[in-house]
Amino acid sequence: MLDVLATAGPGVGLATAGPGVGLATAGPGVGLATAGPVEALADRAAYLVAVVLVGLGLHVVVADRNLLRKVVGLNLFQTGIFLVFVAAAARTGGRSPLVVGPDGGPYADPLPQVLVLTAIVVGVSVSALAAALVVRIDAEQGTVLADELDAGQREVTERE
Amino acid sequence: MTTASSLPVLLVAAPLAAVVPILLTGAHPNRREAWTMLAALLTVGLAAVTASAAAEGVVHESVLGSLVVGVPLAFRADALGALFALLASVLWLAASVYSVGYMRGLDEHHQTRYFAAFAASVGTTMGVALSANLLTLFVFYELLTVATYPLVTHHETAEARRAGRTYLAFTLSGGVAILAGIVVLYAVTGSVAFVAGGVPGLGTEPVLAGVAYALLVVGFGVKAALVPLHGWLPDAMVAPTPVSGLLHAVAVVKSGVFGLVRVVLFVFGAGTVRSLGLGTPLAVAAAVTMLVAGVLALRQDRLKRGLAYSTVSQLSYIVLGVALLTPAAVFGALVHLVAHAFMKITLFLCAGAIYVETGVQRVGEMGGIWRRLPATMTAFAVASAGLVGLPGVAGFVSKWYLVLGALEAGAAPFAATYLLAGLLKLLFLWPIVLIAYADRDAIAGFRPLPGGEGAPHAEDGGPLAEDGGPPGVEDDDGGRGWDRRTPLTESSWQLLVPLLATAAGALVLGVVPDATPFWDLAAAVTAEVFPGG
Amino acid sequence: MSDAVVVLVALPVVAATVPPVVSRRVDGVGWPVAAAAATAQTALATWVGWRVLADGPLRTVVAGLPAVLGIELAVDRLSAAFVVLVAVAGLWGLAYTRRGGPRSAPGASLYLLLLAGLTGICVVRDVFTLYVFLEIAGLAAYALVALGDGRDAAPAALRYLLVGTVGASLYLLGVGYLYVATGALNMGVLADRLATVGYDDRLVLAAFVLVAVGLGVKIALFPVHTWKPDAYQAAPPGITAVLAALVSTVAAYALVRVVLAAFTGAFLAANPRLVAGLRAAAVLSIVAGALLALPQRRVRRLLAYSSVSQFGIAVAGLALGTRLGVLGGVVHLLGHAVMKAGAFAAAGTIEAGYDARTVDEFADAAAHQPVASAALATLVLGLVGIPPLVGFFGKWYVALSAVRTGAWATAAAVLLSTALSLAYFARLLQRLYLERREGRPTPAPVSTGMVASGVLAALAALGLGLASAELIAALRPAIEGVPP
Amino acid sequence: MSDGDPASPGVSGEPRERPPDSPVVTTTVRLLVPFVVTFGLYTMFHGTSSVGGGFQGGVVVAAGVIAIAFAFGLDRTGGWLRPGALVVLPAAGVLGFAFVAGGPLVLGAAFLDLSAYPVAKAVVFGVEAVELCIGATVATTVVLLFRSLGGG
């Protein structure tokens, strides 16, 4: 398990209505253990990946000509953000937040993971709608390339 | 002594309420005109009652709730408000009778829109006159712009649209300056109500007070046509003449001047203005306007544009009078506000009658026109004499007090400006009267027509241009003989009676000014503003 | 009795499931179901609004959990105003779409889902659930734009979807940072914990910026406004009117709510430079929106760019960090929603009844569609800021507060926005009444509902204008934690 | 032949006449799908205490259904995957959730406060009912999406 922040925000109880298992509520994010630059980077590998994903996703959404690839880029972008959530929820040596098992040992903060679940649902529905729109654009205008669409759009504006 | 009453609200609501029946009875011109007349008469009646009460110090006030947190939507018929309301309502009666004759004489299009907008304009002017605080005044000030826009652009020609755009740009930008001034003022003092001696607490922050003063003066200056801001008025002459007469001689421009009077005397107060030294710049601006506009008027060949520039100059008589901050000057300014209205509306109504009857728009073509329109030209002569300041007509009385006030303020140069401006008026108006009374051929030698302006070229805009030459005039070689008409047959009564009435009004104001309610109201205002006397 | 808040959100969602099912048996059932649901929603919303006015805020937490854990829903006077706005605009929009807008079953349920999402945003006091409702409303809006029948509907909807989702995801990232910094998502709890974490904490500042940018995209402030003109041009007219009235307005409300309830006035006071930055963005939006509107030829794009400018004023009001400024911004939001919805409805009526899309084609519309033109002219004057219509009063309070706090650039921009908006609206006014148009327009049928919607909005704009002082007095207690 | 169902625009438009996949695929699919669906249901049921929940379970069930559609060809499976009939299920799911969560309101507790139900272990059963409704909604929606975007 990646050793990320020494202690992160406190996770309290279970998201769903099950009996809440109190987790030791630690104080707010405590500063990082003073480690060298390489270790610091290693500690934050997850966040680095998230930054790459977010950057890449945004670039594809903005720069790519193909509409469908824009939608994929959007998904990349959202996945990057979800990764930030999940990385923030991780605990040193913690296991996944299931209610099974006797020992109350350290486990990941369940709340961000549940938030990510809901955000994934939102992401799926958005991508579904986007895919449907791309299919319709392709059916109606025969192209899914953004600049050809803009060209068509511009010529419509000229005619008026 | 202030009494709560619904009189001021009725006075504002009457013309505005008339807009609905006018629009509804669009299909029946006579019934529509009847509604306009009824509204005009009702408004004059209400204004007379309010004025008589205000003259005796009984101030009617009605508060309709809060316009903005801390500022009520309130109307207050104090002496100044009653004076302007009475003036506007009386002249609206004359102008509406005239409008019927004018619109039917020229068979204008969109008459329903015209009369509705006319009533709305007078209603909003009443609102401006009777507002109890600067924000209510601003609300009606902006609505006045909106109500007069369809009148300025009535002919819907390219020139009319351009004039409309300039009109909106100038006046609404002025509105932005006023709003900025009110906001700063309210932020400094926490109140924008009109108080005779000025709102307390302005002296505490001279810089912000100065900024607010500048913004308000520039804002109101647009409609008061101070020189750099007057560009819209000559272009607005493209409107039908009754509009130019009532609105651009009385309602719209006077609301600008009225706003300035309110700001200088009832918001800042004479004392504060003098102590902050804000009076002189306004006075200089007004003086410059008087002279520049007077000179520009000389160059105009088209009668209405000339009258427009003379209006710009005359308005600055009033602004200078107020800026001098002495009792005599303020009293003279208020009387001039009334006198100029009567005289200038007479001139515009005469110009309209000339246009309807003979289609003549240019001074050059007015040679010997008195034969065709004797009564009209007599009224024109009387009003011109008044404007120049000859004794016996209204202009002389007000100018007397203005010059007296200037001397009292120890500002000799401003007194000289008044006299010089009067001379410019003489140079502008008197040749026109002479041409009208001379015979045909005298015109060529007398006034060298300025450069390209006067050269006979196609008319610009105006419905007249489409159907060729003016009606009723034979085009023989060079000179045009007018067929002689007697005063009874020269024009329809709807045109003649109003202009004679306003000319008579000017005479009454000249001969027995103190018999008129305006005199007492002006005295009441002066007493209110200068308690020391 | 505070459960009424939950029903406010649940009612449109449940109603949204009815049309697709019933339409398999009976067709043309979409509109009636939507109408019934919207009427019930309006009744419930006004009842809740009246109760909040009478007895103070209604508060409930889903599943009875303590606020720290559960999703808290609450309606105070500020939320009540926007809940009523959403419900009334929803019902009003149906009057237009009776003939003008989409009548298909999916259209109706999307419309109801939009209302549900927007109402949810207004009542929720949990920053993450706010994200979920933002996306529910967003999804419904994207799909409704796609219902437009032009060729440009699908591309515009996709563009709107991409930009809107990026915005919402940035907001989500902001929520993530807030959670990492404080471990809480409920606004009340956040307010306390942020105070202990410290307002200069980099994580908190980053969260604020992300939340502001994310919601800024949804409000369509300049430069992230590009989706709005295309979307409003392509959507069916009735839908454009409702979207124009509600989507950005409620997003702006969300910004006000998050800043005031979660970050609180203390945060604004502690970070003057950050707040000045937000104000600068708002001022930039006012000016840029107006300049972009100038060259527009199509009326709907002109109105859309005007929205970009008008929302700048509302955000500037919030960014002043004073009670009067926020109140001015809120009044401007409510007023602008009414005026812009009416303007789009009236323009849509003329577009259908007079076969006109560009400003030039609107020439002489007054002769053919007198009532709709009169409504459009009144509403345009209101948008310019002519008193006594409501457009003037929001600006008055924001400008006054700006002058009092010495934010001269904001005051100047807000006041100048009148002249700027006049610059791009004067052409339309002039075309409506003073110009002729060659060529024979092929008018489509125009229902009384379409015309009535414009007139109703104009009257509402006047009514709101005259009652703006009372509205301010009613909303005042709901804005706390900021200097007066 | 699929009953020429009107709702799906389909990319290519004309129904594809494809023979079903090779017997290896069809038999594997025929063997696997029941277990896939069962696991989906398991996931739905155990959302309260372990990994799972309505959404994930629904997607798994939908994956099973789509696997059949792929294996046996859309035309063969079109018969019982008619969008008209399927659209009822998501609606039913949402209404089910509304009833289960709205019940406590009637009983005077907060919305979704399942402990208000007089039944033993009301919370667990309540949540499982909610998960089932969500599962039904999600499964049908995903299948509908598959049919409208990719299907014949």
Side-chain angles (χ1 to χ4, degrees), chain B residues 23 64-73 110 113 117 127 135-147 149-150 152-158 160-162 164-188 190 208 211-212 215, chain C residues 324 327-328 331 363-364 366-367 370 374 377-378 380-381 384-389 392-406 408 411-412 414-423 425-427 429-436 465-473 475-476:
Chain B
L23 285 176
L64 301 179
S66 57
L67 184 64
V68 159
V69 171
V71 179
L73 175 63
H110 281 109
R113 180 178 71 185
L135 195 60
T136 317
L137 188 144
F138 174 74
V139 168
F140 286 95
Y141 191 82
E142 295 281 83
L143 288 177
L144 179 59
T145 308
V146 174
Y149 177 72
V152 170
T153 55
H154 181 76
H155 291 307
E156 294 177 11
T157 58
R161 287 201 296 273
R162 206 176 330 105
R165 268 204 302 277
T166 355
Y167 178 66
L168 271 188
F170 267 91
T171 45
L172 283 182
S173 311
V176 168
I178 296 171
L179 182 60
I182 298 176
V183 166
V184 170
L185 199 65
Y186 189 75
V188 167
L208 279 183
V211 167
L215 285 169
Chain C
L324 193 63
L327 283 170
V331 163
D364 200 20
T378 316
V380 158
L381 286 177
V384 166
I386 305 290
L389 292 163
F392 165 77
F393 294 97
K395 289 186 190 176
W396 160 266
Y397 292 111
V398 171
L400 181 60
S401 181
V403 164
R404 279 196 178 141
T405 53
W408 302 109
V414 168
L415 290 170
L416 276 179
S417 68
T418 306
L420 288 171
S421 44
L422 175 74
F425 274 134
R427 277 183 306 131
L429 284 175
Q430 181 179 303
R431 293 287 191 289
L432 275 178
Y433 285 94
L434 299 177
E435 292 194 27
R436 299 293 162 262
L466 296 176
S468 68
E470 286 73 20
L471 186 61
I472 289 275
L475 291 175
R476 181 182 295 278

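A, B, ... follow the sequence lines: proteins, then strands. Residue 1 opens every chain. Quantities reported herein were computed from a predicted structural model and do not represent experimental measurements.
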Choice from Leu208(B), Thr145(B), Leu73(B), Leu135(B) maximising heavy atom contacts with chain C below 4.5 Å: Leu135(B)
Is a side-chain donor or acceptor of Tyr433(C) paired with a backbone partner of Glu156(B) at a separation under 3.5 angstrom? no
Pair count under 4.5 Å, heavy atoms only, with chain C: among Val146(B), Val184(B), Val139(B), Leu143(B), highest is Val139(B)
Does the pair Phe392(C) and Phe138(B) meet the rule for a side-chain contact (heavy atoms from CB on, under 4.5 Å), with working shown? CA-CA 11 Å; Phe392(C) 165 77; Phe138(B) 174 74; 3.4 Å; yes
If you look at every heavy atom in Leu168(B) and Leu422(C), which pair is closest and at what distance? O-CD2, 3.9 Å
In short, Phe393(C) meets Leu67(B) closest at the heavy-atom pair CE2-O, 3.3 Å
Between Trp396(C) and Ile182(B), does a side-chain contact (heavy atoms from CB on, under 4.5 Å) hold up when you go through it step by step? CA-CA 10 Å; Trp396(C) 160 266; Ile182(B) 298 176; 3.7 Å; yes
Under 4.5 Å from any heavy atom of chain B, what part of Leu381(C) do you find: side chain, backbone, both or neither? side chain
At a heavy-atom separation under 4.5 Å, does Arg427(C) approach chain B through its side chain, its backbone, both, or neither? neither
Interface moiety of Arg476(C) toward chain B, non-hydrogen atoms closer than 4.5 Å: side chain
For the residue pair Val69(B) and Tyr397(C), what are the closest heavy atoms and their distance? N-OH, 3.0 Å
Relative to chain C, which segment of His154(B) carries a heavy atom at a distance below 4.5 Å: side chain, backbone, both, or neither? neither
Measure distances from Val188(B) to the heavy atoms of chain C and classify the residue's part below 4.5 Å as side chain, backbone, both or neither. neither
With sequence neighbours left out, the residues meeting side chain to side chain contact (heavy atoms under 4.5 Å, CB included) with Ala399(C) are Val183(B), Val414(C), Leu415(C)
List in chain and number order the residues that pass salt bridge (charged side-chain N to carboxylate O under 4.0 Å, His left out) with Arg165(B), two or more places apart in sequence or in another chain; answer none if no residue qualifies. none
Report which part of Leu400(C) has an atom under 4.5 Å of a heavy atom belonging to chain B: side chain, backbone, both, or neither. both
Begin from the C-alpha positions of Leu172(B) and Ile386(C) and carry the test side-chain contact (heavy atoms from CB on, under 4.5 Å) through to its verdict. CA-CA 9 Å; Leu172(B) 283 182; Ile386(C) 305 290; 3.8 Å; yes
What's the separation between atom CD in Glu142(B) and atom CG in Leu389(C), rounded to the nearest 0.5 Å? 11.5 Å
Output for pair (Tyr149(B) OH, Gln430(C) CD), nearest 0.5 Å, gives 4.5 Å
